[in-house]
Amino acid sequence: MTDTTYSEILYEQIGAIARISHNRPAARNAESKLLLNELNDAVLRAGADADIRVIILAGVGDHFSAGHDLKEAQTSRSAFTVEERWDYEILHYFEFALRIWDLPKPVISQVQGACVAGGFMVANMCDLMVASEDAFFSDPVCQTLGTAAVEILIHPWVMGLRQAKDMLFTGRRISAKEGFEMGMVNRLVARADLESTTLALAEQVAKAPPFALRLTKRSLNRGYDMQGFRTALQAHFDTHQLSHNSAEFMAARDKGLGGAIAEGKNR
Ligand SMILES: C/C=C/C(=O)SCCNC(=O)CCNC(=O)[C@H](O)C(C)(C)COP(=O)(O)OP(=O)(O)OC[C@H]1O[C@@H](n2cnc3c(N)ncnc32)[C@H](O)[C@@H]1OP(=O)(O)O
C-alpha cells in the first residue's frame with residue numbers, strides 16, 4: 001500500500017515493513033526542508049504504528065541521496081544568523097537523524113548510487129545497511145564547503161576511526177565493496193537484487209518479537225552511550241556550527257553553494 005500524503009518522500013507499507021523513500025530523483029534525492037520534514041513525520045508514524053516492525057529507508061531512482069539541498073540552502077539559508085542556523089540545523093539535521101537511531105524499531109538503509117554528506121549521515125544512522133555494487137559513500141564537505149563534516153559525526157562509530165579520518169580528510173568516495181569490507185555495509189548485492197534483499201532482511205528481522213527487538217536495540221545503543229556516543233555527537237554539532245562562521249565557509253558560501261555540487265561530483 002502506497003500512501004499519497006507526501007510529496008517528496010514515498011511511504012509504502014509491505015506487511016510489517018514500512019519503506020520510506022527519498023523521492024526527488026531529478027534532484028538526486030537532495031534533502032530539502034520539506035523532504036526532511038516529511039521523512040521525520042514518516043519515521044515517527046512508522047515508529048508509532050503497532051503493525052510496523054521494521055523500517056527501510058531508501059531512495060527512488062539511481063541514487064540514495066546527494067545530501068542537503070544546496071540550491072535551497074543558498075537561496076533560503078545563506079544569510080542565516082548564528083541563532084537561525086542553529087535552530088534550523090539542530091532540528092532538521094541533528095534531532096531528525098537521532099530520531100532514526102533512537103527509534104524503538106530496527107531501521108535498515110537500502111543504498112544505491114550516491115550516498116553523500118547529509119544523505120550518508122541519514123543512511124549511517126540506520127541500524128543495518130544493504131548496498132548495491134554501484135553505491136558509493138562520501139562526505140566531501142570539509143574539502144568543498146569548508147565545514148567540519150556533517151552535523152552528526154556518526155561515521156567513526158560505524159566504520160572505524162582511521163577509515164572515517166581517511167574519508168573526511170580527503171573527501172574521497174568509498175565504494176560499496178570497501179564499505180562492506182570495513183563492516184559498514186551488512187549486505188552487498190547486485191543492483192537488481194537490492195530491493196528484494198533488503199525486503200528479505202527486513203522480513204527476517206520482523207519475525208522477532210517486537211519488544212525483544214526493541215530491548216536489544218536499546219541495549220546495543222546504550223553500550224555506545226556508555227562510551228560517550230551522544231555527548232560526542234552533541235560536541236561535534238557545536239563544532240560544526242562554529243565552522244559555519246569561519247572565513248573558509250564564508251568564502252564557499254559567497255562563491256555560491258551550488259558550486260559545491262560540481263566539486264562534490266569530482267571527488
Ligand atoms: C554540511 C553539508 C552537508 C551536505 O549534505 S552538503 C551536500 C553535499 N553533496 C554533494 O556534494 C553532492 C553533489 N552532487 C553530486 O555529486 C552529483 O550530483 C551526484 C553524484 C549525486 C549525481 O550525479 P549525476 O547523476 O551526474 O547528476 P547531476 O547532473 O550532477 O545532478 C542532477 C541534478 O541534481 C542537482 N543536484 C545534485 N546534487 C544536489 C544537491 N546536493 N543539492 C541540490 N541539487 C543537487 C543538480 O544540480 C542537477 O540539477 P539540474 O538538473 O537542475 O542541473
Side-chain angles (χ1 to χ4, degrees), residues 8 21-36 39 57-78 80 82 84-86 88-97 100 109 111-125 131-155 164 167-176 191 233 236-246 248-253 255-267:
E8 297 200 347
S21 305
H22 297 69
N23 190 20
R24 300 183 72 209
R28 305 309 184 253
N29 291 328
E31 294 171 332
S32 63
K33 180 178 177 182
L34 177 61
L35 185 146
L36 288 169
L39 197 66
L57 288 192
V60 172
D62 291 337
H63 303 283
F64 179 80
S65 170
H68 299 352
D69 186 326
L70 287 174
K71 293 175 180 170
E72 182 187 73
Q74 182 71 34
T75 51
S76 312
R77 296 191 289 280
S78 61
F80 264 9
V82 170
E84 286 167 336
R85 185 178 297 282
W86 182 286
Y88 182 82
E89 297 205 349
I90 203 156
L91 178 67
H92 292 90
Y93 304 141
F94 192 83
E95 290 176 11
F96 284 4
I100 297 166
S109 50
V111 181
Q112 80 283 15
C115 184
V116 179
F120 187 22
M121 174 175 87
V122 165
N124 251 350
M125 292 305 276
S132 55
E133 287 154 350
D134 64 312
F136 66 86
F137 305 88
S138 75
D139 183 347
V141 299
C142 173
Q143 292 256 357
T144 60
L145 287 179
T147 60
V150 284
E151 294 74 15
I152 291 203
L153 194 54
I154 179 68
H155 309 310
M167 181 192 73
L168 293 168
F169 292 173
T170 63
R172 80 177 178 89
R173 293 177 175 186
I174 288 178
S175 68
R191 179 73 181 85
L233 296 190
H236 173 72
F237 179 81
D238 298 2
T239 302
H240 177 87
Q241 293 307 307
L242 174 67
S243 72
H244 276 302
N245 296 289
S246 70
E248 293 165 353
F249 174 73
M250 305 285 184
R253 183 201 60 185
K255 261 196 326 188
L257 294 178
I261 299 172
E263 277 195 54
K265 202 170 161 174
N266 292 330
R267 296 275 125 202

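In listed order, ligands and their atoms are each counted from 1.
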Practice prompt. Look at atom 33 (C) of ligand 1 and say which protein heavy atom is nearest, naming residue and atom and giving the distance to 0.1 Å.
Written response: Ala26 O, 3.3 Å
Worksheet item: Glu72: heavy atom below 4.0 Å from ligand 1, yes or no?
Response: no
Practice prompt. Between Ala66 and ligand 1, find which residue part has any heavy-atom pair under 4.0 Å and reply side chain, backbone, both or neither.
Written response: both
Worksheet item: Does an N or O anywhere in Gly118 fall below 3.5 Å from an N or O of ligand 1?
Response: yes
Practice prompt. Give, for atom CG of Asp139 and atom OG1 of Thr170, the distance between the pair rounded to the nearest 0.5 Å.
Written response: 10.0 Å
Worksheet item: Does ligand 1 have an atom that lies less than 4.0 angstrom from a heavy atom of His240?
Response: yes
Discussion item. Within the 4.0 Å heavy-atom shell around Val150, which atoms of ligand 1 are there?
Written reply: 3 (C)
Worksheet item: What protein heavy atom sits nearest atom 30 (O) of ligand 1, and how far away is it?
Response: Lys265 NZ, 3.0 Å
Worksheet entry | atom 9 (N) of ligand 1 protein-contacted, heavy-atom criterion under 4.0 angstrom | yes
Worksheet item: Considering residues at least two apart in sequence or located in another chain, which fulfil the side chain to side chain contact (heavy atoms under 4.5 Å, CB included) criterion with Ala73?
Response: Arg77, Leu257
Practice prompt. Distance to 0.1 Å, residue and atom name: give those for the protein heavy atom nearest to atom 36 (N) of ligand 1.
Written response: Ala27 O, 3.9 Å
Item to complete: Could you list the atoms of ligand 1 found under 4.0 angstrom from a heavy atom of Ala114?
Response: 21 (C)
Worksheet item: What protein heavy atom sits nearest atom 2 (C) of ligand 1, and how far off is it?
Response: His68 CD2, 3.5 Å
Item to complete: Quick one: pull up CZ in Phe249 and CG in Leu145 and give me the separation to the nearest 0.5 Å.
Response: 6.5 Å
Discussion item. Is the contact between Val141 and ligand 1 made by the side chain, the backbone, both, or neither, using heavy atoms and a 4.0 Å cut-off?
Written reply: side chain
Worksheet item: Can you tell which of Leu36, Leu57, Leu35 makes a side chain to side chain contact (heavy atoms under 4.5 Å, CB included) with His22?
Response: Leu35
Item to complete: List the closest protein heavy-atom neighbour of atom 45 (C) of ligand 1: residue, atom name, distance to the nearest 0.1 Å.
Response: Ile261 CD1, 3.6 Å
Worksheet item: Is Glu31 touching ligand 1 with its side chain, its backbone, both, or neither, if touching means heavy atoms under 4.0 Å apart?
Response: neither
Discussion item. Show, in sequence, the C-alpha distance, side-chain angles and deciding distance for Glu95 and Ile90, and conclude whether the side chain to side chain contact (heavy atoms under 4.5 Å, CB included) test is met.
Written reply: CA-CA 6 Å; Glu95 290 176 11; Ile90 203 156; 4.1 Å; yes
Worksheet item: Just which atoms of ligand 1 are under 4.0 Å from any heavy atom in Val116?
Response: 9 (N), 10 (C), 12 (C)
Fill in: Glu248 atom CD, over 12 foreign heavy atoms within 6.0 Å
no
Discussion item. With heavy-atom distances below 4.0 Å as the criterion, list the atoms of ligand 1 near Gly67.
Written reply: 5 (O)
Fill in: Parallel, tilted or perpendicular: ring planes of Tyr93 versus Tyr88, cut at 30 and 60 degrees
perpendicular
Item to complete: For Glu151, take its heavy atoms, then give the atoms of ligand 1 lying under 4.0 Å from any of them.
Response: 1 (C)
Practice prompt. Please name the residue in the list His236, Glu89, Arg85 that meets the side chain to side chain donor-acceptor pair (under 3.5 Å) test with Gln241.
Written response: Glu89
Discussion item. Looking at ligand 1, is there an atom of it that comes within less than 4.0 Å of some heavy atom belonging to Leu70?
Written reply: yes
Worksheet item: Any side-chain heavy atom of Phe136 sitting closer than 4.5 Å to one from Val116?
Response: yes
Fill in: atom 43 (C) of ligand 1 [closest protein heavy-atom partner, distance rounded to 0.1 Å]
Asp69 OD1, 3.4 Å
Discussion item. Within the 4.5 Å heavy-atom criterion, are Asn29 and Arg24 side-chain neighbours or not?
Written reply: yes
Practice prompt. Would you mind checking which non-hydrogen protein atom is closest to atom 53 (O) of ligand 1, with the distance to 0.1 Å?
Written response: Lys71 NZ, 4.2 Å
Item to complete: Taking the side chain as every heavy atom from C-beta outward, state whether Gln74 and Lys71 have any atom pair closer than 4.5 Å.
Response: no
Worksheet item: What do you reckon, does Arg28 have a nitrogen or oxygen under 3.5 Å from a nitrogen or oxygen of ligand 1?
Response: yes
Fill in: ring pair (Phe, Tyr, Trp, His ring centres under 6.0 Å) between Trp86 and Phe80, worked out
CA-CA 9 Å; Trp86 182 286; Phe80 264 9; over 10 Å; no
Discussion item. If you define the side chain from C-beta out and look only at heavy atoms, does anything of Ser21 sit under 4.5 Å from Val60?
Written reply: yes
Worksheet item: Counting from 1, what ligand 1 atoms have a heavy atom of Ala30 closer than 4.0 Å?
Response: 40 (C), 42 (N), 43 (C)
Worksheet item: Below 4.5 Å, heavy atoms only, C-beta onward: do Phe94 and Ile152 meet side chain to side chain?
Response: yes
Fill in: Which segment of His63 sits under 4.0 Å of ligand 1 when only heavy atoms are counted
side chain
